[in-house]
Number of protein chains: 2
Amino acid sequence: MAESGASGGAVSISEVAEQAGVSVATVSRVMNGQGVVKPATRDKVLAAVEALGYRMNHLARNLRTAESRMLLTMVPDVGNPFYAEIVRGIDSVARQQGYFVLLCDTGADPGRERSYFDLLRTRRADGAICLDPDTVQHALAEEMNGVPWVACCEFDPDVAVPYVGIDNRAAAADAVRHLIAQGHTRIALINTDARYLYARQREAGMRDALAEAGLTLPAAWHVTVDSLDFDAGAEAARQLISRDEAPTAIFAVSDTLAIGVIRGLREARLAVPRDVAVMGFDDIAMAAQIDPPLTTIAQPMRELGETAARLLLQRLAQPQLAVPGVLLPHRLVKRGTA
Amino acid sequence: MAESGASGGAVSISEVAEQAGVSVATVSRVMNGQGVVKPATRDKVLAAVEALGYRMNHLARNLRTAESRMLLTMVPDVGNPFYAEIVRGIDSVARQQGYFVLLCDTGADPGRERSYFDLLRTRRADGAICLDPDTVQHALAEEMNGVPWVACCEFDPDVAVPYVGIDNRAAAADAVRHLIAQGHTRIALINTDARYLYARQREAGMRDALAEAGLTLPAAWHVTVDSLDFDAGAEAARQLISRDEAPTAIFAVSDTLAIGVIRGLREARLAVPRDVAVMGFDDIAMAAQIDPPLTTIAQPMRELGETAARLLLQRLAQPQLAVPGVLLPHRLVKRGTA
DNA sequence: TTGAAAGCGCTAACAC
DNA sequence: GTGTTAGCGCTTTCAA
């Protein structure tokens, strides 16, 4: 129904007003449920809206109200299941509050990130949630000051921006303690890019746990990869097992890496966890599917996203209010690999 | 560096004009590189822009030009790696053409889809790419007629909308022929929701291949699941192996399902492919990581996305031009499970 | 080559 | 309760 006015182009508010025999102000009032309108008038307007198939032009409304009802979400990699789950969390609270989310893949590239951030200054988005490395956040923080944004997972404590994340250092320490409790003393680390806060923090946590047990992390057991994909993990595993003295356990800072590690090990005819134990981080859905299922640290991804969105919405509502940083709990999930 | 005007709020074009001692029209011209402006004037304007830190308000521009430079992408599930890869393809060509993509998770729910589609009619997006079930596309096609959109993966040949996809029927037939070539005669199907075109087509393809070999698909070997997640696959596998006469091979219409199947089989102490062979569909990155690696049909996900975006852009550029449907090639990837 | 002015479709004072 | 009107920040004729 209601497709009559579709001939020319979009129906505007004034056409509705004319059809209903009222002013545009009245139409606006009923469309927004604001102000008082006599029921009879309201019905006339609604009838006209229906008859013409009127849809409000939000571009115009937003120009007037100076808001776009769009929330920008910048992630380093939309294909990574870890981020995908966070995005879902963000989306659910945003939509519930009448916002749409504009999802952008930055590839952790400051240039791309800057161009997306520009959406805020050009009024196409009201606020942003940034999941990019804290180092790139830091670089942009100064010029982005004044625009409403929050940090998720990655955050720079020195930048006065609301954030939500987990205690990566404590979580990594828990992970490594678990390995140690299984009797391992030769534990390797596969880490990413030190541009990421989590990478630095998880390494620190690992060293904490190692130190408690009087252990160390020799350079030979410390490999750094520049991507989180499966192949990077497999390649790192190959390197590790070719060392003179090979580790008996590997802690990978992400599940995707850990899953690649397991494949690499398998291709080298090494059994997990018998020959080498593997510990991941994140607890993506896939972790429970592989054989043996991956032992890992679970992050509350959904809540991370929900909280980030709430923080941002709160900041938009009360820009001057100081919003606290929040740390959510992690959890060790013991499965078959360690 | 250009952060002076940041005090109050955004700098507007008229402030730039004043600062440069020219009219707003001139500022507009230099901002858009249109019309001829004397180099000296242009420099004055640019200097003012720089000094004030001016960023154009796209909301206003878009209201004027009646375009938003946003492309809506509706997917049934952003968390599914298959869609994630397609989205990347879309994003890459969109960004290259100066468009942003608004990614929306519909959950294959017509209501949600309708509300997103509304972004088009309210001018917050210029066009849409829809990956939802062809049946929900069909339901909406009538009321969405007139708005520019294209279909990706799922499409209804009866709806005159440009589309890109693969030949699901031929691909599924290839998959099943492979199983038959391995000597299997008791082949089960795990399918989704018949709302999806691909589900119906893949089943038809399977029946084609079966018929060629004088085989059939008994009801007992045909299970339908209502989600594509791992657990659904595992549960379906459990059902299948509890049949009086259990199948020796399983064709799952998606890799995620197939991976769940393998886990289900493993939990039941059945070896893959020795006890039962498994064939997936899609070739998501994860397929190569599991043990044994998944044999599957590869879809050109990236190209699917890129093509969809190009089709849409083309349609936006020339609305009246008839855009053809395009079918991309698939490929059988033989690995360890069949 | 540049400027003045008329809107794009809507909201929000302010009148009546 | 409802209407009039002045913009929101920009683009785009049309004149000069």
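Values below: all heavy atoms of this structure, side chains included; hydrogens, waters and symmetry mates excluded. Nothing here was measured: the structure is a model prediction, and the numbers come from that model. Chain naming here is simple, since letters A, B, ... match the order of the sequence lines and numbering starts at 1 in each.
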*Report yes if a side-chain nitrogen or oxygen of A:Thr41 is closer than 4.0 Å to either non-bridging phosphate oxygen (OP1 or OP2) of D:dT2; otherwise report no.*
yes

*Residues that A:Asp156 engages under salt bridge (Lys or Arg N to Asp or Glu O under 4.0 Å), provided they are two or more places apart*: none

*Do any side-chain nitrogens or oxygens of A:Gln34 fall under 4.0 Å of OP1 or OP2 in C:dT11?*
no

Side-chain donor-acceptor distances from residues 312-324 of chain A under 3.5 Å, at least two apart:
residue	atom	partner	partner atom	Å
A:Arg315	NH2	A:Leu321	O	3.3

*asked:* Please tell me if A:Asn32 has a side-chain N or O lying less than 4.0 Å from either OP1 or OP2 of C:dT11.
replied: yes

*Would you please name every residue forming a side chain to side chain donor-acceptor pair (under 3.5 Å) with A:Ser12, sequence neighbours left out?*
A:Ser14

*Does a side-chain N or O from B:Ser28 land closer than 4.0 Å to OP1 or OP2 of D:dT11, or not?*
yes

*State which residues pass side chain to side chain donor-acceptor pair (under 3.5 Å) with A:Arg61; sequence neighbours excluded, sorted by chain then number.*
A:Asn32

*Counterpart residues, salt bridge (Lys or Arg N to Asp or Glu O under 4.0 Å), relative to B:Glu15 (two or more places apart)*: none

*Go through the side-chain N and O atoms of A:Ser68 and A:Asp126 and say whether any donor and acceptor fall under 3.5 Å apart.*
yes

Every protein N/O within reach of nucleotides 6-9 of chain C N/O, cut-off under 3.5 Å:
residue	atom	partner	partner atom	Å
C:dG7	N2	B:Arg64	NH1	2.7
C:dG7	N3	B:Arg64	NH1	3.0
C:dG9	N2	A:Ala60	O	3.4

*With a non-hydrogen cut-off below 4.0 angstrom, is A:Thr26 in contact with a base, only sugar-phosphate, or nothing?*
sugar-phosphate

*For B:Asp132, check salt bridge (Lys or Arg N to Asp or Glu O under 4.0 Å) against everything at least two apart and list the hits.*
none

*Measure the angle between the two terminal helix axes of the helix from C:dT1-D:dA16 to C:dC16-D:dG1, five base pairs each, and quote it to 10°.*
40°

With a 3.5 Å cut-off and sequence neighbours excluded, list the donor-acceptor pairs that the side chains of residues 16-26 of chain B form with protein atoms.
residue	atom	partner	partner atom	Å
B:Ser23	OG	B:Ala25	N	3.4
B:Ser23	OG	B:Thr26	N	3.4
B:Ser23	OG	B:Thr26	OG1	3.4

*Sequence neighbours left out, what pairs pass ring pair (Phe, Tyr, Trp, His ring centres under 6.0 Å) with at least one residue falling in residues 55-113 of chain A?*
A:Phe100-B:Tyr116

_Residue pairs, two or more places apart or on separate chains, that pass salt bridge (Lys or Arg N to Asp or Glu O under 4.0 Å) and touch residues 90-101 of chain B_ = B:Asp91-B:Arg95

Between N or O atoms, less than 3.5 Å apart, protein on one side and nucleotides 14-16 of chain C on the other: list the pairs.
none

